[in-house]
Amino acid sequence: MRQFITALLIVIGLISYAFGVEKPTTEQDSCITEECHVEHTSKEIIHDPVSEGSCEACHESVDVKEHTYKLTDEEPGLCMQCHDEFTKKFIHGALEEGQCKQCHETHSSDNKFRLRAKTIGEMCLQCHDVVENATHVHGPTSVNECSLCHEAHESDYENRLTMGPDQLCVFCHVTTKEELDELDFVHEAVRENCADCHDPHAANNWKMLRAEAPDMCFGCHEEIQAKAQNSKQQHNVVSEQGGCLKCHTPHASSVRHLLASVPTTLCLTCHSEPQGVSINEILPAFNEIQGKAYLHGPIQEDDCSGCHMTHGSDNFRILAGAYPEGFYTSFEEMKYELCFGCHENTLVLTPTADDLTDFRNGNQNLHFLHVNKERRGRTCRACHQTHASNQPKHIRMSVPYGGWKDLPINFSKTDTGGFCDPGCHLEKGYDRQTPVDYTVKPERQLHEFNELF
Amino acid sequence: MIMKTIRNIVAALAILLALSSVIYGAASSSARRIQQGETMPEFSAVDTAGKPFAYERSSGHVLMLAFLSSQQKRSQKAIEDINSVLSDIPADKLTSLQVAFVMQNVDNKEFIASIQKDSPVGVQIIGDENYKIWGKFGVIVTPTLLISDSAGKVLCVKPGHAYDFSPVIKFKLFQALDIPNGISPDDASSVRTVANSTMPAKAKRHLQMAELLASKNRVSSAVEQAQRAYEIDPNSSEIALMLGELLCQTGKPQKAVKLVSPLTGRSDREKARINLVMGWAKRQLDQLEEAEKFLQEGIRQDPTSPRLRFELGRIYQKHNDSERAMQTYVQALQLIYPEEST
């Protein structure tokens with residue numbers, strides 16, 4: 001058997017020799033003839049020197065008799081003899097390594113640019129699998145149009161982008177550009193690079209986000225993450241999937257904080273219905289401002305965040321600052337941090353005032369009188385309904401006082417002052433122009449007292 | 001009986017009087033703070049640099065008066081917004097604007113210096129330790145911002161630093177200074193955001209991709225993108241024309257004619273593009289006479305289009321009229337390279 005195989009190989013060798021083309025041993029007019037190297041011109045797109053028969057542009061003879069040749073230079077120097085050198089900042093890795101042939105056929109190809117693959121996209125895919133079974137793919141990537149965004153050889157922009165990252169995306173996303181130009185508050189990431197949040201090729205998240213909100217957002221907004229996750233009082237929605245986008249728009253808004261809508265509208269999207277705060281607490285539906293004549297300033301301005309920290313806070317009801325929960329408290333300035341965020345602290349620090357407040361009897365500051373007490377100072381909530389009421393200065397109709405749910409306030413206002421006839425004390429008036437003499441007992445009370453007897 | 005009736009009438013009148021005083025009281029309850037539409041009170045003061053400040057309605061100046069606190073985050077953010085809005089005001093309008101910040105605690109020199117350094121206009125800072133100016137305008141919170149027009153009418157009273165502080169003061173200030181800003185009064189405090197997922201936005205994206213691909217000579221891919229845009233928005237003449245041109249480029253004249261012939265064109269330039277596609281396609285269909293008419297009409301409508309002249313040149317070439325063909329090609333090139341026309 002072994003002898004048979006040996007004989008067969010000898011016969012095959014002899015036949016091949018008989019039919020094979022002999023290498024020329026002298027200089028030839030052309031390398032490409034019917035017998036030799038014809039495959040180099042058999043395809044549609046032919047390298048210019050090949051089609052011109054100028055093989056010597058790239059090859060030089062080593063030994064004519066042996067018909068051995070070598071390249072006139074090594075890659076990429078060889079290619080650079082005719083093709084311009086790369087001068088831009090970012091050059092394709094393959095080129096830097098001198099691997100022009102990694103993408104291009106040197107003699108001829110059936111593909112445009114003599115690519116080794118049918119399209120640029122297919123060519124790129126051989127090394128760059130940017131999709132990897134992703135569920136959401138960018139339009140140009142899905143149709144293999146890599147060169148829409150990338151230069152194949154070199155560019156002055158990182159990742160060999162065809163334009164700066166601030167221009168590239170909006171070249172196609174024109175509507176976004178038009179809207180961005182019109183809006184005053186633009187997300188910093190949008191100004192700098194859309195790819196900070198979006199994977200420009202493909203991702204497993206909606207809109208090709210690199211991650212979903214809030215994780216995506218927390219990547220930069222660490223202080224918000226800390227607030228949302230470490231605060232004693234957390235706004236649950238922030239940490240929910242997609243949480244940030246329930247209130248914020250990701251690209252730009254006509255208002256601060258990239259709000260997606262008017263704050264009260266956003267808040268009432270959830271808070272018009274009862275909301276579970278914890279297993280033990282359900283926050284009732286917020287409807288106390290409806291139909292009310294006098295609204296607290298922030299409510300009037302549709303701005304719940306005037307008092308509430310929307311991400312989380314260490315104060316109850318995620319308030320922006322400390323605010324006493326009860327009817328009485330010993331006065332300390334720190335306890336009213338929330339109110340002093342907008343109102344002057346002198347309101348309760350000075351016993352007399354002229355222009356600071358209207359709640360004064362002559363120049364006796366009645367805010368000071370009620371609030372600034374070592375023991376049992378009245379808190380703001382003792383007289384003011386926090387969100388809204390039907391009385392001027394959003395004064396309460398009544399206030400819970402221990403077991404008494406509706407201790408009445410009975411407030412009425414005059415041009416120069418007002419009256420209160422609350423459950424706390426006898427009727428007292430105040431007048432900025434003609435101060436009431438508090439040493440005299442109120443007349444009405446005397447009459448009532450006399451009528452009893 | 002008569003006495004009883006009189007007593008009842010008196011009692012009714014007394015009740016009515018009492019009620020009216022309550023109603024009046026309620027109506028005037030918000031009177032402490034100056035209201036929009038009222039007349040801005042005149043006042044004068046000396047600023048922290050010792051320079052006098054006087055607001056007189058007769059001066060014809062627009063006044064921006066901000067009540068701020070040097071110790072409050074909200075006031076600091078309000079100052080950022082105010083500076084941003086002021087930096088958008090054209091220089092020629094700044095001469096008719098007076099800006100003053102009223103504050104307590106003006107001894108915070110560092111803060112005062114930073115305000116003056118960051119402000120794009122000259123701001124006078126007025127100390128109001130005894131709340132005199134504060135009381136004159138009925139301010140109860142900081143920040144509060146007032147803007148009055150050149151006639152001294154209050155245009156804006158904005159207490160607090162709410163979400164719409166910046167757009168509202170910008171709108172009101174521009175209104176007072178007579179600067180067009182293209183925003184309707186209703187939009188000033190409305191919230192507008194980027195809405196890039198509308199159908200026209202999607203169609204435009206594909207159209208732009210088509211243009212980019214065409215510029216890279218990737219015509220067949222460009223056709224695919226333009227077709228997608230057309231599927232999304234078949235009523236857009238811009239898309240139909242782009243697709244029509246690309247169909248001509250890829251040798252599909254019948255499809256181009258079918259697509260573009262129903263279009264009428266709203267401007268001369270658009271009409272010229274329609275004529276270009278029609279002429280281009282008709283030339284490919286060998287209907288040279290018709291093609292020439294379309295292209296001549298197109299050149300009349302848009303004499304700056306090189307492509308129209310190039311296509312016309314090709315018709316002359318087909319007629320073996322080499323002289324006119326050459327002339328027309330040269331005209332096309334002159335439109336592309338005007339500096340080299342000599």
Side-chain angles (χ1 to χ4, degrees), chain A residues 119-120 139-140 143-145 147-148 162 171-176 179-180 182-186 190 249-263 265 293-294 297-298 300-303 305-306 340-344 346 353-358 391-393 412-415 418, chain B residues 21-22 24-26 28-32 69 72-74 77 81 84 104 130-136 138 140-143 158-167 170 182-183 187 189-196 198 200-202 204-209 212-213 216 218 221 224-225 228:
Chain A
T119 63
I120 295 176
V143 291
N144 283 337
E145 292 294 354
S147 70
L148 264 181
T162 53
F171 185 86
C172 288
H173 294 264
V174 270
T175 309
T176 306
E179 290 174 339
L180 285 175
E182 281 173 17
L183 299 170
D184 283 342
F185 296 93
V186 178
V190 175
T249 184
H251 296 115
S253 170
S254 60
V255 299
R256 258 186 186 275
H257 309 303
L258 301 185
L259 289 180
S261 185
V262 173
T265 309
Y294 298 91
Q300 215 164 353
E301 295 286 317
D302 278 323
D303 187 27
S305 70
F340 297 149
C342 293
H343 299 282
E344 287 285 289
T346 40
D354 286 325
D355 294 294
L356 175 62
T357 176
D358 277 356
Q391 300 213 78
K393 306 285 181 189
S412 59
K413 204 173 182 307
T414 67
D415 276 352
Chain B
S21 76
V22 169
Y24 177 73
S28 63
S29 64
S30 56
R32 178 179 157 86
S69 162
Q72 209 188 53
K73 269 189 189 171
R74 281 196 178 92
K77 285 186 177 172
D81 282 349
S84 160
Q104 286 75 41
N130 296 317
Y131 299 94
K132 289 290 170 202
I133 306 172
W134 174 283
K136 195 176 184 83
I140 55 170
V141 296
T142 46
K158 191 77 182 148
H161 184 251
Y163 71 101
D164 61 347
F165 184 84
S166 177
K170 184 175 182 176
I183 297 173
D187 278 351
S189 62
S190 70
V191 177
R192 288 168 292 124
T193 60
V194 169
N196 59 345
T198 58
K202 282 182 184 172
K204 268 193 179 175
R205 285 209 284 276
H206 287 291
L207 187 68
Q208 288 296 111
M209 272 175 76
L212 199 57
L213 286 162
K216 287 172 175 280
R218 311 277 304 283
S221 298
E224 280 176 32
Q225 291 305 320
R228 280 197 188 192

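Numbered from 1 within each chain, the chains take letters A, B, ... in sequence-line order. All figures in this text were calculated on a predicted structure; none of them were measured in a lab.
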Which answer fits [X], side chain, backbone, both or neither, if we ask what part of it has an atom under 4.5 Å from a heavy atom of chain B?
X: A:Leu183; result: side chain
X: A:Pro140; result: both
X: A:Val143; result: side chain
X: A:Leu258; result: neither
X: A:Phe185; result: side chain
X: A:Thr119; result: neither
X: A:Thr249; result: side chain

Proximity breakdown for B:Ser166 and chain A, heavy-atom pairs closer than 4.5 Å: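 Contact with chain A involves the side chain of B:Ser166 alone.
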Segment of B:Lys158 engaging chain A (4.5 angstrom heavy-atom cut-off):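 Interface part for B:Lys158: side chain.
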When A:Pro298, A:Gly139, A:Ser147 are compared by non-hydrogen pairs under 4.5 Å with chain B, the top option: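 When all of A:Pro298, A:Gly139, A:Ser147 are compared, A:Ser147 has the most.
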Chain B contacts, top residue of A:Ala260, A:Pro250, A:Ala293 (heavy-atom pairs, under 4.5 Å):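 Between A:Ala260, A:Pro250, A:Ala293, the count favours A:Ala260.
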For chain A, find which of [options] contributes the most heavy-atom pairs closer than 4.5 angstrom.
options: B:Lys202, B:Arg218, B:Gln208; answer: B:Gln208
options: B:Arg228, B:Gln104, B:His206; answer: B:Gln104
options: B:Pro143, B:Pro167, B:Ser84, B:Ala162; answer: B:Ala162
options: B:Asp164, B:Thr193, B:Leu207; answer: B:Thr193
options: B:Lys170, B:Lys216, B:Glu224; answer: B:Lys216

Exam field: side chain B:Arg192 to backbone A:Glu179, donor-acceptor pair closer than 3.5 Å: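 No, the answer is negative, given that no donor and acceptor are paired below the 3.5 Å cut-off.
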Donor-acceptor contact present, side-chain A:His173 to main-chain B:Arg205, <3.5 Å: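 It does not hold such a pair.
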To the closest 0.5 Å, what do you measure between [atom1] ([X]) and [atom2] ([Y])?
X: B:Ser221; Y: A:Leu148; atom1: OG; atom2: CG; answer: 8.0 Å
X: A:Asp303; Y: B:Phe165; atom1: CG; atom2: CZ; answer: 12.0 Å
X: B:Thr142; Y: A:His343; atom1: OG1; atom2: NE2; answer: 9.0 Å

What are the two closest heavy atoms between [X] and [Y], and how far apart are they?
X: B:Pro159; Y: A:Glu301; answer: CD-OE2, 3.5 Å
X: B:Arg74; Y: A:Gly341; answer: NH1-O, 3.8 Å
X: B:Gln72; Y: A:Phe340; answer: NE2-O, 4.0 Å
X: B:Met209; Y: A:Cys172; answer: CG-SG, 3.4 Å
X: A:Ser254; Y: B:Val191; answer: OG-CA, 3.5 Å

Identified side chain to side chain contact (heavy atoms under 4.5 Å, CB included) counterpart of B:Tyr163 within the set A:Ser253, A:Pro263, A:Ser261: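 The single option meeting the side chain to side chain contact (heavy atoms under 4.5 Å, CB included) with B:Tyr163 is A:Pro263.
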Those residues that, when tested against B:Asp81, pass side chain to side chain donor-acceptor pair (under 3.5 Å) (two or more places apart):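 Once residues adjacent in sequence are excluded, the partners of B:Asp81 under the side chain to side chain donor-acceptor pair (under 3.5 Å) criterion are A:Arg256, B:His161.
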Residues that B:Lys132 engages under side chain to side chain contact (heavy atoms under 4.5 Å, CB included), provided they are two or more places apart: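 For B:Lys132 the side chain to side chain contact (heavy atoms under 4.5 Å, CB included) partners, ignoring immediate neighbours, are A:Asp354, A:Asp355, B:Asp128, B:Asn130.
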